[in-house]
Amino acid sequence: MTPLNQTIYLAPEGFVDDLVAELGDVAAVEDRLVFVDGPARPAAWAQNVWFDPVRIEVESIKDAAKKLRAVQRNWALWSLRHHRRANLIQENLPHVSAKPIAFPSPIPTAPLGSWTLLDEFTVIAAARCSSPWRHGELHFVENRTAPPNRAYLKLWEALTRMGRHPGPGDRCLDLGSSPGGWTWVLHELGAAVVSVDKAPLAPEIAALPRVDYRQESAFGLKPQDIGPLDWLVCDVICYPTRLLRLVDEWMKSGLVKNFVCTLKFQAETDHETARAFAAIPGGRVEHLFHNKHEVTWMWPAA
């Protein structure tokens with residue numbers, strides 16, 4: 001095994017350019033894999049990061065599987081080329097379940113490496129990755145009847161990545177809540193929710209017993225008018241700079257214990273504001289698997 005002295009970043013589908021722009025100087029781009037010289041650096045647009053990847057010369061399909069198994073048990077194939085050969089190698093490795101998970105579920109603890117075939121006899125592999133899920137993909141057992149839209153999956157994913165979630169007795173504020181997908185998630189977890197949007201909630205969400213719907217602008221609220229909160233979540237459509245000012249006001253109030261906020265980008269990605277969110281001590285910014293042209297800020301991150 002030969003160290004590459006690089007870090008490999010897996011870009012979300014359709015966002016390779018955003019990842020490259022964030023990383024700056026890159027060594028190579030292979031499909032959605034971005035190779036960068038040196039140790040890992042923060043990358044919000046990376047769906048998964050391969051730490052300390054190595055080059056492994058192999059003689060056959062069985063030899064490749066044997067050498068990967070000698071490192072650790074669990075591996076996920078990123079099929080870059082020689083797809084049939086790569087799949088046969090993966091079939092000779094222990095099975096890693098890709099079944100959808102039920103929310104809420106704990107973060108997996110078993111190590112999961114990633115690998116690919118660079119050519120017929122060369123494996124690139126990283127035993128340690130940033131995501132405990134296969135390629136950073138969180139597939140859930142979906143609820144296709146109760147939530148009014150599919151945005152609830154973003155909050156499920158954010159809370160899963162944070163490793164904690166609201167519960168009975170918690171008080172939450174959902175800004176930009178219409179039609180109510182995130183409010184539904186918080187209520188299902190047993191929390192009381194102040195749900196704020198100028199647009200109405202879906203009637204079945206507004207009728208939930210612990211939902212206090214307020215038809216007004218998220219930006220017109222003052223922290224002192226709401227009081228202490230266990231969670232503030234925000235999926236409002238606005239420019240990221242405006243969201244940053246809103247978050248700054250609520251953080252300075254000292255009334256909020258946890259934040260989950262979506263930074264939604266318009267025509268171009270506002271990397272500068274995303275970096276400003278990432279610089280807030282204790283938090284992190286990530287492009288979630290269920291995000292579109294947006295990233296999610298979570299605080300505190302752990």
Side-chain angles (χ1 to χ4, degrees), residues 1-4 6-16 19 30-35 40 43 45-142 153-154 156-163 165 286-291 302:
M1 292 189 293
T2 306
L4 291 185
Q6 293 180 322
T7 304
I8 302 174
Y9 303 81
L10 174 64
E13 187 174 0
F15 296 106
V16 173
L19 177 58
E30 296 273 2
D31 186 44
R32 287 167 54 191
L33 295 180
V34 179
F35 294 70
W45 288 93
Q47 190 165 294
N48 196 16
V49 181
W50 300 16
F51 300 111
D52 304 315
V54 296
R55 181 190 302 268
I56 306 173
E57 304 301 330
V58 301
E59 298 176 359
S60 64
I61 290 168
K62 290 191 179 297
D63 183 51
K66 178 182 177 181
K67 288 177 175 175
L68 287 170
R69 284 199 306 271
V71 177
Q72 67 181 28
R73 181 186 188 279
N74 296 332
W75 292 95
L77 165 65
W78 182 261
S79 192
L80 190 61
R81 51 177 67 92
H82 301 288
H83 304 292
R84 174 61 178 161
R85 186 177 180 84
N87 281 316
L88 289 172
I89 295 171
Q90 185 68 42
E91 288 173 8
N92 278 271
L93 295 169
H95 175 70
V96 176
S97 176
K99 292 193 301 184
I101 63 174
F103 178 82
S105 288
I107 298 173
T109 56
L112 176 62
S114 293
W115 72 279
T116 191
L117 268 185
L118 198 59
D119 59 48
E120 196 172 354
F121 299 104
T122 306
V123 167
I124 300 296
R128 187 169 64 94
C129 294
S130 64
S131 177
W133 297 279
R134 183 177 175 272
H135 309 316
E137 299 177 0
L138 273 75
H139 297 278
F140 291 102
V141 178
E142 296 189 25
L153 293 168
K154 292 190 292 185
W156 271 10
E157 181 176 355
L159 297 175
T160 301
R161 290 180 181 272
M162 293 175 80
H165 55 74
E286 292 186 27
H287 182 278
L288 305 181
F289 177 61
H290 292 284
N291 280 149

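- No side-chain heavy atom of Ile124 sits under 4.5 Å from any side-chain heavy atom of Val54.
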Return a table of donor-acceptor pairs under 3.5 angstrom between the side chains of residues 91-113 and protein atoms on other chains or two or more places apart.
residue : atom : partner : partner atom : Å
Asn92   : ND2  : Leu88   : O            : 2.8
Ser97   : OG   : Lys99   : N            : 3.2
Ser105  : OG   : Ala102  : O            : 2.3

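- A heavy-atom distance below 4.5 Å is not found between the side chains of Ile56 and Thr122.
- Contact check for His82 versus Arg84: no side-chain heavy atoms found under the 4.5 Å cut-off.
- The CG atom of Asn74 sits 11.5 Å away from atom SG of Cys129, with the distance rounded to the nearest 0.5 Å.
- Counting only distance, with no hydrogens or angles, the side chain of Arg32 and the backbone of Ala11 share a donor-acceptor pair below 3.5 Å.
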Chi angles and distances behind the side chain to side chain contact (heavy atoms under 4.5 Å, CB included) call for Leu117, Val123: CA-CA 5 Å; Leu117 268 185; Val123 167; 3.7 Å; yes
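- Pairing each heavy atom of Trp115 with each of Trp75, the nearest pair is CD1-CB, 3.8 Å.
- To the nearest 0.5 Å, atom CG of residue Asp63 and atom CD1 of residue Ile89 are 9.0 Å apart.
- Within the 4.5 Å cutoff, side-chain heavy atoms of Thr116 are placed close to those of Leu33.
- A pairwise comparison of heavy atoms in Val34 and Leu19 identifies CG2-CD2, 3.8 Å as the closest pair.
- Summarising the geometry, atom CH2 belonging to Trp156 is positioned 12.0 Å from atom NE2 belonging to His165; distances are rounded to the nearest 0.5 Å.
- For Asp31 against Val16, the heavy-atom pair with the smallest separation is O-CG2, 4.0 Å.
- Between Val71 and Ala127, the closest heavy-atom pair is CG1-CB, 3.8 Å.
- Heavy-atom minimum distance, Glu13 versus Gln47: N-OE1, 4.5 Å.
- With a 4.5 Å cut-off on side-chain heavy atoms, Trp50 and Ser114 count as touching.
- When every heavy atom of Ser130 is checked against every heavy atom of Phe51, the shortest pair comes out as N-CE1, 3.4 Å.
- Residues Asn48 and Tyr9 are not in side-chain contact: their nearest non-hydrogen atoms beyond the backbone lie 4.5 Å or more apart.
- Between Glu157 and Trp133 there is no side-chain heavy-atom pair separated by less than 4.5 Å.
- In this structure, Phe121 and Arg85 have side chains that are in contact, with non-hydrogen atoms separated by less than 4.5 Å.
- Note on residues 123-141: pairs passing salt bridge (Lys or Arg N to Asp or Glu O under 4.0 Å), not counting sequence neighbours, are Asp52-Arg128.
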Check against side chain to side chain contact (heavy atoms under 4.5 Å, CB included), Val49 and Leu10: CA-CA 6 Å; Val49 181; Leu10 174 64; over 6 Å; no
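- Using bins of under 30°, 30° to 60° and over 60° for the plane-to-plane angle, the ring pair His287/Phe15 lands in the tilted bin.
- Look at Arg81 and Glu120 and you find no salt bridge, because none of the NZ, NE, NH1 or NH2 atoms lies under 4.0 Å from a carboxylate O.
- A centroid separation of 6.0 Å or more is found between the aromatic rings of Phe289 and His135.
- With hydrogens and angles disregarded, a donor-acceptor distance shorter than 3.5 Å links the side chain of Gln90 to the backbone of Leu77.
- The 12-atom threshold is exceeded at NZ of Lys67, counting heavy atoms of other residues, nucleotides or ligands nearer than 6.0 Å.
- Side-chain N or O atoms of Glu286 include none that pairs as donor or acceptor with a backbone N or O of Leu288 at under 3.5 Å.
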